[in-house]
Each structure stands twice: as C-alpha cells, then as structure tokens.
Amino acid sequence: MNKVGAVLVVGAGIGGSQVSLDLAESGYKVYLVEKSTSIGGVMAQLDKTFPTNDCAMCIISPKLVETGRHHNIDLIINADIREASGDAGNFTIKLTKRALYVNQEKCTGCGVCGQECPIEAIDTFNEGLSMCKATSVKYPQAVPLVYYINLEKCIGCGICYGVCKAKAVEYDQTDREIEINVGAVILAPGFDEFEPDSIKEYGYSKYRNVVTSIEFERILSASGPFAGKVLRLSDGDIPRKIAFLQCIGSRDMKRGQPYCSSVCCMYTAKEAVIAKEHFDVINPTIFCMDVRAYGKDFDKYIERAKNQYGVRYIKNRIASILEMPETKDLKISYETEDGKIVEEIFNMLVLSVGLNPPKDAKKIADVFNINLNEYNFCETNSFNPIQTSRPGIFVCGAFQGPKDIPETVTQASAAAGAVNVLLSEVKNTLITKKELPEEIDVRGQPPRIGVFICHCGINIGGYVDVPAVTEYANKLPNVVMADRNLYTCSADTQTIIKEKIKEYNLNRVIVASCTPRTHEPLFQETIREAGLNRYLFQMTNIRDQCSWVHMHEPENATEKAKDLVRMAVNKARRIFPLQRMTLDVTKNVLVIGGGITGMVAALDLAQQGFETYLVEREKELGGIAREIYSTLEGDNVQEFLSDLIKKVKTQENLNLYTEANIEAIDGYVGNFHTSLTYGDKKIPVEFDHGVVIVATGANEYIPTEYQYGEDPRIIRQSELEEKIYKSPNELKDVKSIVMIQCVGSRNEEHPYCSKMCCAEAIKNALKIKELNPEINITILFRDIRTYGFKEKYYQKARQAGVLFIQFNDNQEPEVKIENGNLNIIVKKPDVGDISIKADLLALSVGIVSSRDEKEELAMQLKVPLNDDNFFLEAHVKLRPVDFATEGVFVAGLAHAPKPIEDCISQAKATVSRACTILSKDKIEAEGKIARIDPTRCTGCGLCVLNCAYNAIELQEDRRFGTIAVINEALCKGCGACSGNCRCSAIDILGFTGEQIFAMIMGRE
Amino acid sequence: MNFEPKILGFLCNWCSYAGADLAGVSRIQYPPNIRVIRVMCSGRVDPKFIFTSLQVGIDGIIVMGCHPGDCHYLEGNYEAEVKFKMVKLLLNLVDLQDRVHLEWVSASEGVRFGEVVTNFTESIKKLGPSPLSGENFDQHLFEKLKAIELAADGERLRALVARKRIIMEEGNIYGEKISQEDLDEILISAIEDEFLRQQILLKLKNEPLSVKDLSQLLNIDSSVILKHIISLKARNLIDYDKIEGITPFYQKL
C-alpha cells in the first residue's frame, strides 16, 4: 500500500487550526474541513481566557489568518464528511461541500450584501443574543471572510445580487461532492454545550435573567451584542448581584452527565473577575461543590478572584430559584455552611454549563468507524491519549474529553506528532512549491512608485472620492503611475499590478485599500511574482480606518485618504529590499530527561530517522514513574515503562547517555552544539543538533509535616502504593487507613495544585477496597479535583464505602500518637472535632521542582522558570510546549505537575513542534528585523536585557570592541531594543526611524 | 473657522491596529483627524517619534498597544509604558503633556477604539492648536522641546528607562528590587537635570555665555546653573571660552 503525504483534519477550532499549521509546516498537505462557514470555533467566541485574562480574539486571530493563508492548507468550509474508507497511510474520504450561494473565490468579504439584506436572522455566533442578516458572515474577523446566504431565511429578493460589485452572489449554486486521498485523519470536532432547558428548576429560557455561561461570555465581549457592557436581558440594567451556578449538566447523574467538565470552575472565576472589572458595582457569587483549579497557576487565579476582586464562593448547591414577578430578580435559597437554609435575591443568574460531546459524535464514529466511550466522547487510553480505536485516525481537543485551550493545543500538536511518525517517509511529497522569477536588482535606481487605489465596490468609493485621490497620488514625488480598481484584491487586478510593474518599470508598489493585517501577504506575493522584492511594498488602510469610520463626512474622509497615501508614498521612497536570511538545519535532537516524557519524545523522533540524543542524569531510565504502578484508570504503568525502556535501548538513531552531565549548550534554532560527560567514567561527548526538548521532570515532595518520618505508620501515598503492589501482606492486619490530601500543595510554600494527588488517593483507596473491602478508608480533603472522566472513580470510591471528609483551608487535620495509637483529628465547624483512629496514615504529597536543579539548565538554554520553579512556556494558552527561545521545547513535569497521560500528550506535542523545524532543510528568518550599527554601538548591553527572545548577544569585535550583535534567526522585529538604545545604534528594518520620520513629516 | 487638530496615532499591529480595523468593520464613526502609523509593537515607539511629531506642529499624538499581558511580543507593551511615562514626565516640563496619550486597545475593542479616538480628539480640540503650529509658532517653546528631545535621546535617560522594568521586577545586580516610586523619583530628577543641561547646551551653541547670562536667559538660579555647568564640563561637552573681568564664559564643544 502506498502511503499518502496528506492529512484530513476534521473541525477547525483552535485544535484543528493548530494541527493543520503544525502539519503544513512539517511538509504535509492538509485538508481542513469545517462544518460551519468559518474557522475559530468556540475560542473565537470567548471574551478573555484564564488564567492570564488574555483577549481571546487578539491571540487567536493571527493564528486563523495564518491557517487561512497557508499554501499547504486547503480549507474546506461548510462541509460534511460522508465516508472514510481505507487504512492507516491511505484513506479515501468523501465529503459534501454545502452551497454558500456566494462564490468563495470572488467574494471579497466587503459586507455590502449583508448591509443591504432586508431579512434579520438570529446570530448564532452571539448565542442568539443579537440578530444578523440572512446574508452574513459568522463574525467580523472571520477566516475565510466569505459571506453566505442562509437559505432558510432568504426570501429571494435579489438585492444582494444587485449590490455585489464583485458578482459573487450565485443563487443557483449547488452542493458539491469532493473526494480526497489522505494518509491520516485527525478528528477535532470539539464539543457542544450542555443545554439547560431540560432541567426545569434552573428556569433557563423561562426566566429572562438566567443565561448560560457561553451567552455571558458574549455579553462580556467587547465585540458582543452589548459591546462589552454587562447588562441583564429583562430590562438592560447592570446587574449588581450575579450568581453563578456550577456543575450545570456536569457531575449530575440524574439530569446531566456524570463526568466533570474540567473547565467550568476556571471559566466561571474568569467571568466573575471580568464582570467585576467591567463594572465595579457588580458583586459576583459562585455556588459550587469543589473548586477544581488544578492547572498551572489556576489556584493563584482563584485566590486573586477571592481576595482582589471580592468574588464570593459558597460551597453548596442551591435548593431553588424563583423569579420575582415585579423586578424579574431571582430569589435563590441555599444551605449555608452551618446548615441553615437562607434566601437571597440576585439580579442575574449565570448557569455554568458543562461540555457535552459534539451532537454528531455518533455520526462521526460511524463514518470513521471508531469507538466512543461510555459518555460518547472518543475512546482513547492513558498511554496514547490521541490514538482512536482505528489506526491512522487520531483525535485531539474536547472530543477526547472536556479540556481547556492549552490542553487542546497540546493535544493538537501531539496528534500532529503521531501523524509525523506514521507518515514521515512521504513527507514533502504533496506540498506545492512555487517557482519564482529572479529578483530584479533595484539598487541605485531612483524610486519609481506605483499606487493602486481600491474602490472596494462602494465600500471606499462610496465615501471617498477615489478619482480625486488617484489624481492627487499621481502628482506626488516619485510616483510614476496611480490607478484605481474596483477590487484591488481580486485575481484579475493581480495580473494588472504585474503588468503595470513591467510597463512602468516600477520598483515600489503601494496599495491603498483595506488592512495589511489580512491583505499585505497577498500583494507582497504578487509583486514578488513580478520579480520585485516583497519588502518593496507598502499598504495604507483607507477603508477600515477611513471610509468606514467617516461615512458622514466624505470631504474629510477624502482629505484623510490623500494624507494616508502621501504618508505611504513618503515611506515608500525610503524603503529598500530586505532579505530573509536562511539557516541550515541540523536534523538532530537533544532530549533532556529520561523519564516517560523524554523517552516518548525521543522514541517518536528517532523512529522518523532523526538522530536523537537522550540524556538522563541518573543511572536508570524512568524517572518518577518508577514508583507508580497503575493509573487511576487501571493501566499498568510498570509494564508500559519497561516496554518503553526496552524500545528506547534498541531504537535505531537513538543515542542514550545516562549518568550524564551537560556542560554546555551553545547556538540557536537549527544549530545547537552540546557537550556533556556520561557514565561513571565521565566520558566526554559533543554533538550538533537542531532542537532541544526539555523533559527534566520534577520530584515528589518529602513532607516535614504530620510527623512524617517519625512513625512507620505514617507514609507517603507512593509508599502505600508500593505496599499494595509489592507486599499486600503488610496490609493484612490493617483495619483503618486515613489519607490526607494537599500535603505540600496549595500552601504558602507551594501555592499550586499538584493535579494528580486526588487521583492517586482514590486509586489506592479503590485498590485497597478491592483487596479487602473491610478496611475503613477515610480521605481528608479540601477540594476533590477528579476532573474530566476521573470523576467516575470518585463516585466509585464513594460507592465502595470510602469516607470523604472535607477540612477547611486554614484548619489542617492534626496527628496525635498516644499510647501507641495513631489518631487523626479533623475540625468541623458544624459538628465539632472528629477523631479517627488509623493503622496507616497516607500523605498525598505534591510535586515540587527545585530551583537548584533547574537553574543551571535554564541559564544554559536562556529559558525562564516561574515562581514555583517550573519552566515557563512562551504563551500559556497557545504555545504551551514552546519556549520563547525558538527551537527549545518543554514537556512533562518540568512544565507543571500533571498525570502520565498529560505528560505523554506534551511529549508528543514537542515531537510535532520539533518536526516543524526538523522537516525543513533550511529555515527562513523574518526580514523585518533589528539591525545594529556597530560604529555607534557602545556595547552597554541594555538591548540584551530588553529582548524577550534572547536574540541579542554582546560580542567582541576586532574593530569596534564589545558590541551587541543581533541573531537574525531569533529576532522577531518587535523593536523593543531600538526605542531604548542609548546610542541610537539599533534600527528596525521595515520600520526604520528614517521611514517613520518620513511618515510623521507627511502628516500635513 | 473651527479648529481641526492634526492627530497622529502609533498603533501596534496585533491588537490596536486590529481594533481600529474592527471599528471599521463595525462602522463605528469617529472624527477624521487621526492618521495612523502602523508599527509592529508599541515598544517600537521611540520617544523621538513623539518629540519630532510635536516639533513639526502635530496637535496630538496617541500611542496604542495591547493590553498588559496580551503583547504579541511577550512584553513590548511594558517597554512602551515605561518609555511613555518618561515622555509624559518630560513634556510636563513644557506643559505639552496633555497632547500625548497612551492607551491599550485590544483586537475586539472596535467600539472602544472609536471612543478613545473621539475622546482624544475632543481633548485636543479643547486644548486648541499646538503652540508649535501655524502663525502662533512659539520659538522659545520649540527650543525647549528640542532640549527635551536631546535629553530623551541622551544616554542617561535611555539607560534609566531601559533598565527600569528589570530593576523593578527582577532586581538589580545586587538582587534588590527598587519600587516604582523610588525609581520614578530618580527618573524625575534625572529628567529635570538633563532638560536643563540640554537647554544650556542649546544656548551655548549660538554664543559663549556666562553663568549669569544663562541664569537670566533660562530664569534659573545661577548656583543651579553652575552645578550643571560643572557636570557638563566634566563630560567634556563645554569648555571655557574667555574670561571677562571676573566672569568666565563657556562655549559648546
């Protein structure tokens, strides 16, 4: 069977987009199929994201633009998959592309059709809170920006056909059948929200001021229906008191889903904080069972919500909701901590709805012939969380289980990593490479500028006097021709631009139209095809930032357009060709850390033929996993581990160094050089490599509290696990076991949750109950954080008779040894002290990372550690396994505490991220970067401090002494160094001081 | 005739420029006085750009970047904030501080972009035309602004600004963190010093002057002038020119 170097990605949310970009960058042809009309999924609907309060649209939109434009990604919107046949390596996919009734190639997204459309339909992007037209686009920043006609609403008046100057409206368009051939499939269809209509008590859709959390997200959003004002729906007032109800449709056996939806605790805290930020008069209250803030820096966020924003938490489910007939306020009754029932009035109620499997999950399973789990999510296992039951078909994101954005992005890259392993031999076989003419040498030529001014149908031409602007442009210095076009971005205009470049011998091109954020690359490509360097292009925005925003003052708008064109001409006269430096890539990998994470990554990379160096500090491989026998789900860890170690030791291209000590890592992306010693004889080796994966793990906390170490009956959870598996006889005479949670976690010294300890305790409790149901087990906890499907085991443990007793954050249990008896005392405000006699006390200790162990490596790689001594990734949400320093990645416990399946996901994710570099023979650096004038540089080193990318170094120069040198491979061209340079020695190519001064002077 | 101010906006590509685009897509109407100069990051905005703009008679300048934490380049907007703070302090000295403004606008804040521009335009209208534009051109102020530009461009202020965040957040070379207030105090006194020194240098550029002359011209106590003359001399920027009677004169080197 022939393998095919193409991949089908189903679903284009943040997960599907990430997968597609990773694979497209790694040399695969990608078909990205989306059932709605634009990409971005749920993330595009969000206002902010936790725990950083990043604006969702700001961070996702560059990624979507990149996905939409990538030459290896074929974006198929408004499509359904009908059939998938074949095997891993070679599948045939049949799909139907539903008609948009608008020609995707011709539509420029100008939006006139939508404005003129007389029909209003419900805007699903705004969760039904506002109206859109029958002819519409999903949201203003949609990718692709293509309008479509909602046939259910369209009355066929024909107005849009008439107003569309691009002639893109096609009422007779029909559905199209498409067949594609791919080597692998990745399912990323996401989730659907739980619909709370079915639970009458919450009053959703009956009481006007009860909304779901996703509706509230749109209410908060600056681009939402209320433009960011928090208003309630009954009367448009600001709600002073908002109640958030947790676990709506989650952890609810009877009325919803039994599992935990994983993300609601955090998104609710975020929504409460943001609401408070919008209007200080708002007082949010959150009703919840446990606060499940188990992710990196989540607990700190909750603490901020409570202490800084005054968000009130009430740990109880509510008893009833009643609407007050006059005010439409909501009366909620609930039980307080001391057992009293009270009533309280709120102005608005937000239901934190859970994540359900996609509505069409069963259909997806049928089409792809994969298994679903008991909750209708995709079935996977702990040791390979991205593999479906059918080889060659992978899964990522919420379809695998409820998860947040970084975990989705991680899994997306992990799935891409698995595809890399499967299809590496057919990499680069189906991607297109464009042949471009030699660049024309424009050195020494006076600027000959061509200006193309766009009417954009009537979008610009309707308000700005385009002929007058054209005439004006023609008279500006160095402008040899100015022309106007109906749509400058249309395909025929690209041909015109190329012809004009030839005819007038143009060496600078300006387009005055819409925004460079979306359209600059298109025009740059056009002039490049005509032989001009792509940096000889300038764009000025006379639509989004002129005609559209000054619609009622055409004269002023025209004057402004002239100014903007003049400023662009001023800059264009001073622009010059820039080269994108290319760098060779050494296709070798250094993986630091020989635990599960490091071994999985090393194995996956070596299997693709990359020379891989796996470095472990200790003598034995396996890391912290050596002390784990089983996962909560019952998978055998030791078997998996020994199998993995065996594979690592026999894998071709995998060089293993144990008892190793890294002496130095020099260089940068594509070109690192490492020297180390290994073995008890300290044998030195040196090698080159293109990327680095940091998987150095972390340690189990060794407690100093609860008299640990003073009595053999007081042990750590891992010691208990060892007894269960190695010497169960020791448990024969045990009658009572007490476990204490959060030992060394969520306290002042370690203010974070270790994510896995709740699961560890429940795992051991269940196993012991299996061995001997007579043993009494009591778990003392603060919050039980069995997120996702782990909730099932919490329920199981309760059913098996494990006793769970909650203690307050500031009232830790006490351990007393009297007359040889071990007693644990818990303080409960409602019932007084409880004393439990125990034969064994198991401490659920957290995961800690030591600065001493990590600091040297952090310095060698120039990557940061966070306050808790874990490595800090480039971006918490969208670059979870990348460092800001290019070519260096992080995975596993080195990043934050997490269970094995998450470590494996991250390991595989780093594989994909590494492949985006290793799959290329050369990498191209950005052209618009910083440049240092060595004659002016005094080598003070300030710029080195200011650079967030470690792209500047001080070097000795024979002529100039110590000077700063830019590493062109690492520089992103942000300019932070330039504005600070005390000698004005740094300039930014493409945005030079001279060019910007020319623009300032052009503002007349 | 109504006063229509000339306004320049420096917008970062990733958030504010996108926010401005969204304002367009949403057809938010705002006054047409602003001309936008796109930069990749607000951190790119060199204080010089602002001073030059003021010198050529721009009535108002607004810099916009990503909200704190949102920077596409990790922390460029923090750099922008630090630089801008210095610009404000400097412009305080010549009462032009209200003509410049820094604002964070995200990619989803189209409406807010419109509001920000409208409010800024209104505030500039209230201030009236720049004293450096048109017929009422104030040569004296222009010279002072020139001195400010030179001060901002000088090594001392740039060095202070460049290190400010590191010293505040990560600690100085002794591992101590210095508070924002303390650093601001240092910065303000440096700004006042440098401003005065640049004014002195500008005056000396035209003709040799004595401490008393300078004191009169700049309306500053002569002992203060002397202090700065000493440090300028130490930096080899000025030297003695001649001595008339008992009064030495200084010249710019």
Side-chain angles (χ1 to χ4, degrees), chain A residues 47 52-59 61-62 111 140-141 221-223 227-228 515-517 541 543-546 548-553 556-557 559-560 563-564 567 874 884 928 940 942-943 945-946 948 972-976 978-984 988 991 993 996-997 999-1001 1003, chain B residues 4 6 8 13-15 17-18 20-33 35-41 43-49 52-53 56 58 66-67 69-70 72-76 79-80 83 106-112 114 153-156 158-159 161-163 166:
Chain A
D47 177 41
T52 49
N53 285 358
D54 265 322
C55 152
M57 190 51 75
C58 301
I59 56 179
S61 90
Q141 301 92 343
S221 172
S223 56
T515 175
R517 286 171 45 251
N541 190 340
R543 187 187 73 176
D544 308 44
Q545 300 185 8
C546 186
W548 276 353
V549 291
H550 313 307
M551 294 168 109
H552 311 304
E553 30 193 343
N556 284 333
E559 280 315 301
K560 178 169 174 179
D563 268 9
L564 289 170
M567 287 163 74
K928 294 175 177 173
C940 70
L942 289 179
C943 48
L945 299 177
N946 290 145
K972 303 275 176 224
C974 69
S978 160
N980 281 341
C981 175
R982 53 189 214 134
C983 331
S984 295
I988 306 297
F991 292 90
I996 291 178
F997 287 133
M999 290 184 86
I1000 294 173
M1001 300 302 179
R1003 168 75 172 100
Chain B
E4 287 300 334
K6 290 179 195 169
L8 270 184
N13 181 60
W14 305 98
C15 294
Y17 197 91
D21 283 348
L22 180 61
V25 175
S26 322
R27 310 299 196 276
I28 310 292
Q29 302 298 303
Y30 54 81
N33 305 65
R35 305 291 180 266
V36 167
I37 294 180
R38 182 172 67 113
V39 286
M40 295 314 276
C41 179
R44 169 67 181 112
V45 180
D46 193 314
K48 269 199 289 189
F49 298 165
T52 309
S53 304
V56 299
I58 303 293
C66 306
H67 283 275
D70 284 5
H72 186 81
Y73 300 106
L74 311 173
E75 40 197 40
E79 297 291 342
K83 282 178 222 180
S106 84
S108 60
E109 293 176 330
V111 178
R112 198 163 153 265
D153 210 21
E155 300 181 356
R156 186 169 169 209
R158 279 180 174 253
V161 165
R163 286 216 199 222
I166 303 239

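Keep in mind that this is a model prediction, so the values were computed, not measured. Chain naming here is simple, since letters A, B, ... match the order of the sequence lines and numbering starts at 1 in each.
Interface residue B/Val111: only side-chain heavy atoms are found under 4.5 Å from chain A. Looking at A/Phe991, both its backbone and its side chain come within 4.5 Å of chain B, counting heavy atoms on both sides. Only the backbone of A/Cys940 comes within contact range of chain B, with at least one heavy atom under 4.5 Å from a heavy atom of that chain. In this structure, chain A has heavy atoms under 4.5 Å from both the backbone and the side chain of B/Gln29. Both the backbone and the side chain of A/Ser978 come within contact range of chain B, with heavy atoms under 4.5 Å apart. No part of A/Ser61 comes within reach of chain B, as not one of its non-hydrogen atoms sits under 4.5 angstrom from that chain. Interface remark: A/Ala56 contributes no atoms to any contact with chain B (heavy atom separation under 4.5 Å). The part of A/Met567 that comes within reach of chain B is its side chain, from C-beta onward, which places non-hydrogen atoms under 4.5 angstrom from that chain. For A/Gln545, the parts lying under 4.5 angstrom from a heavy atom of chain B are both the backbone and the side chain. Interface residue B/Val56: only side-chain heavy atoms are found under 4.5 Å from chain A. With a threshold of 4.5 angstrom between heavy atoms, B/Arg112 does not approach chain A through any atom at all. Residue contact with chain A, scored on non-hydrogen atoms closer than 4.5 Å, involves the backbone and the side chain of B/Pro32 alike.
A/Met1001 contributes atom CE, which lies 12.5 Å from atom CD1 of A/Ile996 (distance to the nearest 0.5 angstrom). A distance of 10.5 Å separates CD1 in B/Ile58 from OG1 in B/Thr52, rounded to the nearest 0.5 Å. With rounding to the nearest 0.5 Å, the separation of CE in A/Met57 from OG in A/Ser221 is 7.0 Å. With values rounded to the nearest 0.5 angstrom, A/Cys974 atom SG is found 8.5 Å from B/Glu79 atom CD. Taking CG from A/Leu564 and CE from A/Met999, the interatomic distance works out to 8.0 Å, rounded to the nearest 0.5 Å.
With respect to chain B, the highest number of heavy-atom pairs below 4.5 Å among A/Asn946, A/Thr52, A/Asn556 belongs to A/Asn946. Chosen from B/Arg27, B/Met40, B/Lys48, the residue pairing most often with chain A at heavy-atom distances under 4.5 Å is B/Arg27. When each of B/His67, B/Glu75, B/Arg38 is scored by its heavy-atom pairs under 4.5 Å with chain A, the top score falls to B/Arg38. Counting heavy-atom pairs under 4.5 Å between each of B/Gly114, B/Pro31, B/Ala18 and chain A puts B/Ala18 at the top. Your options are A/Pro516, A/Ala557, A/Gly111, and the one with the most heavy-atom pairs under 4.5 Å with chain B is A/Pro516. The candidate from A/Asn53, A/Asp47, A/Ile988, A/Leu942 with the greatest count of non-hydrogen atom pairs under 4.5 Å with chain B is A/Leu942. Between chain B and the options A/His550, A/Lys928, A/Lys972, the largest number of non-hydrogen pairs under 4.5 Å is found for A/His550.
Considering all non-hydrogen atoms of both residues, B/Ala23 and B/Gly110 come closest at CB-O, 3.4 Å. Across B/Leu74 and A/Ala884, no two heavy atoms sit closer than the pair CD1-CB, 3.5 Å. Of all non-hydrogen atoms in A/Ala948 and B/Tyr73, the two that sit nearest each other are CB-O, 3.9 Å. Scanning all heavy atoms of the two residues, the minimum distance from B/Val45 to B/Val39 falls at CG2-CG2, 4.2 Å.
There is no side-chain donor-acceptor pair under 3.5 Å between A/Asp544 and A/Thr515.
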What do the steps show when you test B/Ile37 against B/Phe49 for side-chain contact (heavy atoms from CB on, under 4.5 Å), and what is the final call?
CA-CA 11 Å; B/Ile37 294 180; B/Phe49 298 165; over 6 Å; no
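Aromatic ring pairs are classed by plane angle as parallel below 30°, tilted from 30° to 60° and perpendicular above 60°; the pair B/Trp14 and B/His72 is parallel.
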